[in-house]
Structures are given as C-alpha cells and as structure tokens.
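This is a predicted model, so every value here is computed, not measured.
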Amino acid sequence: MWPCGGRRQRRLGGVALLLVVLWLLLRRFNWSELTPLGLWGRTHGLQTENSEFLLEGMPFRILGGSMHYFRVPREYWEDRMLKMRACGLNTLTTYVPWNLHEKERGKFDFSKNLDLRAFLSLAAKNGLWVILRPGPYICSEWDLGGLPSWLLQDPEMRLRTTYKGFTEAVDAYFDRLMRVVVPFQYKKGGPIIAVQVENEYGSYAKDPNYMNYVKMALLNRGIVELLMTSDNKNGLSFGLVDGALATVNFQKLEPGLLKSLDTVQKDQPKMVMEYWTGWFDNWGGPHYVFDADGMVNTVESILKTGASINLYMFHGGTNFGFMNGALEADEYKSDVTSYDYDAVLTEAGDYTSKFFKLRQLFSMVIGQPLPLPPMIESKASYGAILLHQYISLWDVLPALLQPIKSEFPVNMENLHLNDSIGQPYGYVLYETVIFGGGHLHSRDHVRDRAQVFVNTMYVGELDYNSVELSIPEGQQGFRQLRLLVENRGRVNYGLALNEQRKGLIGDIFLNKTPLRNFKIYSLEMKPAFMKSLQHVSGWSSVPDYFVGPAFFRGRLWIEQQPQDTFLKLQGWEKGVVFVNGQNLGRYWKIGPQETLYLPGPWLRRGGNEIVIFEERTAGRIIQSVDIPYLGRTQYVD
C-alpha cells in the first residue's frame, strides 16, 4: 500500500506542480491576479532581464494606456480606468502638469481635480499599475509643455537646462511633488512601477548635463522604481541617461524602428512609450483621424515582436480653460480645446471601434476573458439656450478692473499681478492715447493676436501674419488706442520654449514713433473675476445686432439628473464659454471644432449660469446637443 500510496501522492504532487507552473505562466498577462492591491511581499519591483520585464521576478508585459487626470473630470476617473481594464490593459500612464500644481511660485495645489493621491489610489483600487511621467517638462499639447509661465519672468531663463534659475525652481517643485509620489511606489505598496525622466529630451538636447540632473533630482527625493526615458527615433541617442531604460515613440512601425533601441542599449526589453492612436488638432485645420484597422494592425505587429506598449492616448479628454498648447514650425498654430485625439475612448469617454478591436486583440494576447465594458453614460440634448443679457467689455473695465500704469508695454508674465508671478493666461488690454491717425506697425511684437480699437471702434487685427494697420484720422483732440491681446496658448514642443512670453513683447509704433504711457488691464478671467461679473451693474437686454467684445449670459434649466452635453455655438465668432464658473475653453468659427464638451458633473439640477466672452460677432442662442462635432476630418497618412 505504501508504494501505491506514494505513487498516488507523487502523481497528485506532479499535477499540483503543473498547475502552479501553468498559474505562474498565466500570470504573465493576468493582471486580474497580479494587481497593485493583490500583490504582497514586494521586494524587486519592475526589472529588466534578458530582454524582458520582470515584476517581482515574474515575466511581465506592459499593456498600457495614457489618461491625464487633469484633462478628465474627477468624477469620471474611475469610469475611464474600468474601461482600461475592460480593454485588456494592465498599466496606466499619466503626466504631471507643473503649471497647474504650482500656479503661483511656492503655492502648491493637489486638491479637487489635481488630487494626484486620489488618482493613484483609484488606479491601485482598479487593478492598474502606473508609469508616472512627472516632467518637469511634459509636452502633451499643454501650455508651455507643463512648465509654469512665471519662469519666463527671468529675461535670461533657459528652460530645460541646468541654468540655476530653472533648477532652483524644479528643486522646489520636486521637493513638494515627491512627497506625494514616493509613498505610491511599488516597493512601498503602491501602484507606481516606473518613473519617466523628463520627456523627449532628445528633440531638445540643449544641455548635456540636464538629463543627469533630472535623474538625480528624482533619486535624491526617494524614487526607487525603474527609470525610463521617452523619445522619437531621431532623438533616441540624445535623450539617454545612464540608469534609465530608453523607450521609443511613434505612430507607424517602420522597418527596423524597434531595433533602433538596440543601437542605444543592449539586451533590454523593448517598449513603445507612446504609440499614437490618433492625433491632435489645430485651429484652422482639419480634425485628424487615424484608421482603426491600421492602428490595431500596428499594435498587433508591435506585440508580435515581444515589445511592451503604451497607447497614447487611450482617453484624451479636454484642454479645459486656457491650457491648450501650440506648435511653431513654419508658422504658429494653436491647439483646439478638445483633446479627443481620435483616441480609443472619445473626449466624453465613450467607446469607439478602436476600443472593441483592441479589446479583441488584447483578449487573445492575454488568453483570458476580460471584464465586461461598463455602460456608457447617456448624453443630453437640452436644446436652445437664450443668451438674454450682455455687458460690453468697455463697461466692465471701470467697474471691476484696476489698470497697471506703465510707460512701456509689458508682457503678460512680467505684469505685477498675482503676488508678482504675472499673468499666465487669457487676455490683456493695452490702452494709450493718440492724437491722430496713420500707420500702426507691431514689428511682430504681438503674441498672439490683437484686436485694435480707436475708442470703441474696431479697426482691425494684428498677429503673426498681419503686422500693420491703418488708423483713421479723427477730429481734433486725443483718442484712446486699445489693443485687446489674446494669449492663444504657448508652444509646447520644439526649440522655441524660451521665447513664449505673451501679450505685447516689445514696442508698437504709430507713424514710426513708439507708443508710450499705457494703462494695462489683466483679463485672466479667473473664478473671482467671473463671480464679480455676475453682480456688476450695466447688464442689458441683447439687441438684435451687437458687436463685441462683450460678455453675454443666459441660463440652462435642468429638471432631472444632469448629463453630459455639448454646446454648439453656431453664429458666434470667437471667444470663451463659462458654465457655473467653470471655463470650458475656447471656440472659434474657423474650426475644426464646433462643439464644446460640458461634463454632467459640472451641471446641477435647476438653474445653470452660462457666460460667454465673445470677441466680435455674437449670436443670440447656443444649442445643447447630445453629439459632438469636431469638424471636417482628414486621415493621418
């Protein structure tokens, strides 16, 4: 009996061993088992060995997706994470925007929609690992690549270098930021398995010592997880730093592209940190889309090489407020408000064909059933909303704004405002006195677009392409020359970051004489200003025809639980929309974007106040619709 029993025990033991081995093999992709909240006794973290990733000593492939907490209403963070899991992803990547967390030098904000702790906790709760990309520069089609504009107060500032004025500011910011981040690292029981050193520095590469400085700034403040860098193919060799794994960014898998990683590092796992699932839009251009089948086929090809991947973007979200970035190559082009990106989820978090095609692909790769996709949130069409009252900007000035007086024009960043950190966003009105007409020339000192008025009469615009205007002669005596200058968004990528000061950045000339003695009004349109605007006297009924600049207001009444909607501004020309004090962002009739996303959590039952700042031609109504329209489409080649 003993020998028979021994054979039976050995057979049972063998079966048990086989099951354990199979279980371990399945866990290679089984994030439902290998999750932040389900893994204990952590010691090793994410490592690289023999061209593959190991997590706690087990083979691990990163199937990631990008979602930025600062572009998505906090109430929807968890919904988007659940959709990541339902698509088959095991890792979330996010940037950290310095210019939101430290709007004013030395004053930090990690509350409400900037609560990074809550975001990381939710990722862990929902079974997602995190690759954190804390910058300090993040690009991301975000104003100045996430760098605070107050850095540009220093006329000698050299961003993204070891220039003392820059590194001192980074050190102070990282001192505060890392107190939030460090406890959420893998080895401390959190979801963060890797941290990126800066971002695409190989495309900038102005200081050979800078990347090592950023690396040490992270290490010296307690970062212990795997470090990574991220560059496109041409920047790979210039963005490296010892001790960090190089990763690559692209949209099309050209022959030999992944092998280019072997030229900068040997026997390391390959990772695509940014596989671009779509593209962003600029004002005046088309709405770019990227074919779903082509995208999924490329993802499949990447996975067949054994590489890890991060989908940029899985969910794009919105550039709420004035936070959009811009490009400046042959010409300046600012980004639209929507960051839909033609991503896997829409701007409002709805599924696309890309989601279901990727879900099918990742399910086959993982070899297990995936969680059911969450139900989508229904959208509302609240119909026409009448903007029944208006007040001219010229009537608002004496009631709410105190001007800064200056002999010379002053750029936004150097205005003595906000505890001396200047004005980061919005509009600035420059006002001076002239005694006749003639030839007005900007000498290309307008950033980015100025409407020009004599008293309250509109006479034209100045921008990058239009640098001169004819000012009509008037009756004898002085007149007010007014330039309403809009900061349309700072460039976020390229070599021109140090030149992103806004407003009037130099002299403006009338008949070859520089204008002097300005009154300068800040129109940043912060919440306190918008609240004060509600109570200012002078609101009137909107006439049949009126030309701005002016503020218009109306009310949206909602009987039931509020839902997401989209505001269509047909008949309006250019401006900004505020709902219950929230800045939804810019609109512009040149497109491509024709609707603004209005999240349901920003609405309430009963009355909702809508305020529109319109620069020129105003309509009488706006439409609340249940379908977005992002403009004429053009496929990305």
Compute the centroid of each ring, for [X] and then for [Y], and state whether the two points are separated by less than 6.0 Å.
X      : Y      : result
Tyr312 : Tyr275 : no
Phe119 : Trp77  : yes
Phe53  : Phe60  : no

Can you tell me if Asp262 and Gln265 form a side-chain donor-acceptor pair at under 3.5 Å?
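Side-chain D/A pair, Asp262 to Gln265: absent.
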Does the plane of the ring in Trp129 sit parallel, tilted or perpendicular to the ring in Tyr186? Use 30° and 60° as the thresholds.
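Tilted: the ring planes of Trp129 and Tyr186 meet at 30° to 60°.
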How are the rings of Phe322 and Tyr427 set to each other: parallel, tilted or perpendicular (split at 30° and 60°)?
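Ring orientation, 0 to 90° scale: perpendicular.
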As a quick check of understanding, evaluate ring-ring contact (aromatic ring centres under 6.0 Å, His included) for Tyr210 and Tyr201, giving each step before the final call.
CA-CA 9 Å; Tyr210 174 68; Tyr201 195 69; 4.8 Å; yes
Is [Y] paired with [X] through a side-chain N to carboxylate O contact shorter than 4.0 Å?
X      : Y      : answer
Lys83  : Asp79  : yes
Lys103 : Asp109 : no
Arg490 : Glu413 : yes
Asp143 : Arg488 : no
Arg447 : Asp444 : yes
Lys502 : Glu486 : no
Arg105 : Asp419 : no
Asp342 : Lys354 : yes

Under 4.5 Å between any side-chain heavy atoms of [X] and [Y], yes or no?
X      : Y      : result
Leu54  : Leu46  : no
Phe280 : Asn324 : no
Asp281 : Tyr341 : no
Asn209 : Asn212 : no

Where Gln185 and Val224 come nearest, the two heavy atoms and their spacing
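Answer, listing the atom of Gln185 first, then Val224: OE1-N, 2.7 Å.
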Partner of His101 by ring pair (Phe, Tyr, Trp, His ring centres under 6.0 Å), out of Phe174, Phe108, Tyr173, Phe110:
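Testing each of Phe174, Phe108, Tyr173, Phe110 against His101, the sole residue satisfying ring pair (Phe, Tyr, Trp, His ring centres under 6.0 Å) is Phe110.
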Qualifying residue, where the test is ring pair (Phe, Tyr, Trp, His ring centres under 6.0 Å) with Phe70 and the options are Tyr95, Trp142, Phe320
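That would be Trp142; it is the only one of Tyr95, Trp142, Phe320 passing the ring pair (Phe, Tyr, Trp, His ring centres under 6.0 Å) with Phe70.
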Who passes salt bridge (charged side-chain N to carboxylate O under 4.0 Å, His left out) against Glu198, sequence neighbours left out?
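Glu198: salt bridge (charged side-chain N to carboxylate O under 4.0 Å, His left out) contacts with Arg160.
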Run Val96 and Ile138 through side-chain contact (heavy atoms from CB on, under 4.5 Å) and show every step you take.
CA-CA 7 Å; Val96 180; Ile138 63 172; 5.7 Å; no
Could you tell me whether Lys333 atom NZ has more than 12 heavy atoms of other residues or ligands within 6.0 Å of it?
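Incorrect, the count does not exceed 12.
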Can you confirm whether more than 12 heavy atoms, excluding those of Phe238, are under 6.0 Å from its CZ atom?
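Atom CZ in Phe238 is not packed in, count stays at 12 or less.
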Show the numbers, then the answer: is there a side-chain contact (heavy atoms from CB on, under 4.5 Å) between Val410 and Leu504?
CA-CA 6 Å; Val410 181; Leu504 295 184; over 6 Å; no
